[in-house]
Amino acid sequence: MFSSVAHLARANPFNAPHLQLVQDGLAGPRSSPDGPPGPPRRTRNLAAAAVEEYSCEYGSMKFYALCGFGGVLSCGLHTAVVPLDLVKCRMQVDPNKYKGIFNGFSITLKEDGVRGLAKGWAPTFIGYSLQGLCKFGFYEVFKVLYSNMLGEENAYLWRTSLYLAASASAEFFADIALAPMEAAKVRIQTQPGYANTLRDAAPKMYQEEGLKAFYKGVAPLWMRQIPYTMMKFACFERTVEALYKFVVPKPRSECSKPEQLVVTFVAGYIAGVFCAIVSHPADSVVSVLNKEKGSSASQVLRRLGFRGVWKGLFARIIMIGTLTALQWFIYDSVKVYFRLPRPPPPEMPESLKKKLGYTQ
């Protein structure tokens, strides 16, 4: 499969240009044996440097593997906001006790101390690292596959739909990897006295409900994470495109790597705010569902009502907005560090320009 994907990637409209050194074409003036030496061959040196710009080919196995590694690093970052996530979950499952962010922190500190704020860090780290591996790695795979199924012109015209489809497909598999750890995390964080560590929680959950305990929340997790990820990727991609078109005063190719990463961070934060809003109702259902035994998603949804599913939204916007911005920044930084192809925002293919009469 991956060999065919790599082959298709070469024709991908989102592909970065492959810079090749033409042996003599870029060498500049050459000194002949019978004549005076020519000027220094700096052009060839620059071309040689350009050839080394990328460490692998777009769509290769190495490319996908390193993208997955970037996803592990970026999504594993979720562990850093465990205290905020803990308070947010408690506000969702027990709004009468935890009435707000600051009140939630205050009660948690009084009851559990500072160490209590770190409850659930292990399943958070493991679960979101696995999710990041699948989310970012498979997104790149599906983006290549779907763009080549559409063809160059349609991939450009329908690029937003392409981003949505590729990210939804990737998240489907990412949530299967995340679900067991998410279930354990919520039990640890929202049921006082149930378990303090993953080693305690996992066997206890299995003993009580079997494998169902780990996967009963996967459907509402899809409800939460697939819209979230669709917004995360599509909004990010189109925001980057808009920033370079309307805000950044020079083309992306003329921006330094740090400048490009600033654009990445800003676009990531904007995407994160929308992500938090579209996925919050399902997040509330997941939190309550994983706490309670024998409840279904529809039962929890009816009991919470419209106002109940929006509890904790402000905390989630702060958490997800910051997280999404940092995730994209880290992911793009990994690509820069490993010298991976980083395609610029897609441009209209020449064939389409001719069809639309933009060029002769």
Side-chain angles (χ1 to χ4, degrees), residues 76-128 178-202 204-205 208-209 213 216-217 220-221 224-225 228 272-273 275-277 279-295 297 299-324 326:
L77 176 74
H78 201 99
T79 314
V81 292
V82 162
L84 186 60
D85 189 34
L86 180 143
V87 172
K88 183 264 301 178
C89 286
R90 290 183 173 181
M91 287 169 61
Q92 289 170 329
V93 301
D94 193 356
N96 293 324
K97 181 177 180 180
Y98 302 93
K99 301 182 185 301
I101 298 176
F102 299 109
N103 174 256
F105 272 108
S106 176
I107 293 172
T108 301
L109 285 169
K110 285 178 183 176
E111 292 182 350
D112 301 326
V114 175
R115 291 186 65 181
L117 292 173
K119 275 188 176 181
W121 74 267
T124 299
F125 175 73
I126 296 169
Y128 281 91
L178 170 64
M181 295 295 107
E182 179 75 2
K185 174 186 79 78
V186 172
R187 289 283 182 96
I188 293 168
Q189 291 181 338
T190 61
Q191 287 188 268
Y194 184 83
N196 289 322
T197 66
L198 178 61
R199 284 178 297 179
D200 295 335
K204 196 171 181 180
M205 291 169 66
E208 291 174 351
E209 299 180 70
K216 71 176 184 179
L221 200 57
R224 180 189 84 184
Q225 287 298 128
Y228 164 84
V273 172
C275 287
I277 294 170
S279 63
H280 190 74
D283 181 65
S284 298
V285 173
V286 169
S287 295
V288 176
L289 190 64
N290 282 324
K291 179 192 174 187
E292 298 179 353
K293 300 176 187 176
S295 296
Q299 289 171 338
V300 171
L301 189 59
R302 282 196 297 269
R303 190 166 72 253
L304 287 175
F306 180 78
R307 291 187 65 182
V309 297
W310 294 105
K311 287 281 185 180
L313 177 61
F314 181 66
R316 186 166 164 79
I317 285 176
I318 296 172
M319 180 179 77
I320 297 300
T322 306
L323 266 180
T324 304
L326 289 173

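We number each residue from 1, following the sequence as shown. Everything numeric in this text was worked out from a predicted model, so none of it was measured.
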Side chain to side chain, Tyr98 and Val87, heavy atoms closer than 4.5 Å: no

message: Within the structure provided, determine whether Ile188 and Asn196 are in side-chain contact (heavy-atom separation under 4.5 Å).
response: no

- prompt: Among all residues two or more places apart in sequence or in another chain, which pass the salt bridge (Lys or Arg N to Asp or Glu O under 4.0 Å) test with Asp200?
  reply: none

statement: Residues Phe105 and Leu117: closest non-hydrogen pair is CD2-CD2, 3.7 Å

message: Between Ile107 and Leu109, does the side-chain contact (heavy atoms from CB on, under 4.5 Å) criterion hold? Intermediate values first, please.
response: CA-CA 5 Å; Ile107 293 172; Leu109 285 169; over 6 Å; no

field: Residues that Thr124 engages under side chain to side chain donor-acceptor pair (under 3.5 Å), provided they are two or more places apart
entry: none

Identify every side-chain donor-acceptor pair in residues 314-323 under 3.5 Å, counting partners at least two apart or on other chains, and give the distances.
unit_1: Arg316; atom_1: NH2; unit_2: Ser279; atom_2: OG; d: 2.6
unit_1: Thr322; atom_1: OG1; unit_2: Tyr269; atom_2: OH; d: 3.3
unit_1: Thr322; atom_1: OG1; unit_2: Ile318; atom_2: O; d: 2.8

query: Checking side-chain contact (heavy atoms from CB on, under 4.5 Å) for the pair Lys185/Val82: CA distance, chi angles, key distance, verdict?
result: CA-CA 10 Å; Lys185 174 186 79 78; Val82 162; over 6 Å; no

- prompt: Can you tell if the side chain of Glu182 reaches within under 4.5 Å of the side chain of Gln225, non-hydrogen atoms only?
  reply: no

task: Could you list the residues that satisfy side-chain contact (heavy atoms from CB on, under 4.5 Å) with Pro281, not counting sequence neighbours?
output: Val309, Trp310

- line: CZ of Arg187 to NZ of Lys119, rounded to nearest 0.5 Å, is 14.5 Å

- request: Mind checking the CD1-CE spacing from Ile101 to Met91? Nearest 0.5 Å is all I need.
  value: 6.0 Å

message: Using every non-hydrogen atom in the two residues, find where Ala183 and Ala213 come nearest and quote the distance to one decimal.
response: CB-O, 3.6 Å

- prompt: For the residue pair Leu198 and Ala122, what are the closest heavy atoms and their distance?
  reply: CB-CB, 4.3 Å

query: Does Val93 reach the side chain of Gln191, with side-chain heavy atoms less than 4.5 Å apart?
result: no

statement: Applying salt bridge (Lys or Arg N to Asp or Glu O under 4.0 Å) to Lys88 and not counting sequence neighbours gives Asp85, Asp283

- prompt: Is the shortest heavy-atom distance from the side chain of Leu84 to the side chain of Leu86 under 4.5 Å?
  reply: no

- prompt: Heavy-atom distance under 4.5 Å between the side chains of Tyr228 and Thr324, does that happen here?
  reply: yes

message: With a 3.5 Å distance limit and no angle check, can you tell me whether Lys311 reaches the backbone of Ser284 through a side-chain donor-acceptor pair?
response: no

statement: side chain to side chain donor-acceptor pair (under 3.5 Å) pairs touching residues 105-114, sequence neighbours excluded, are Arg90-Thr108, Arg90-Asp112, Lys97-Glu111

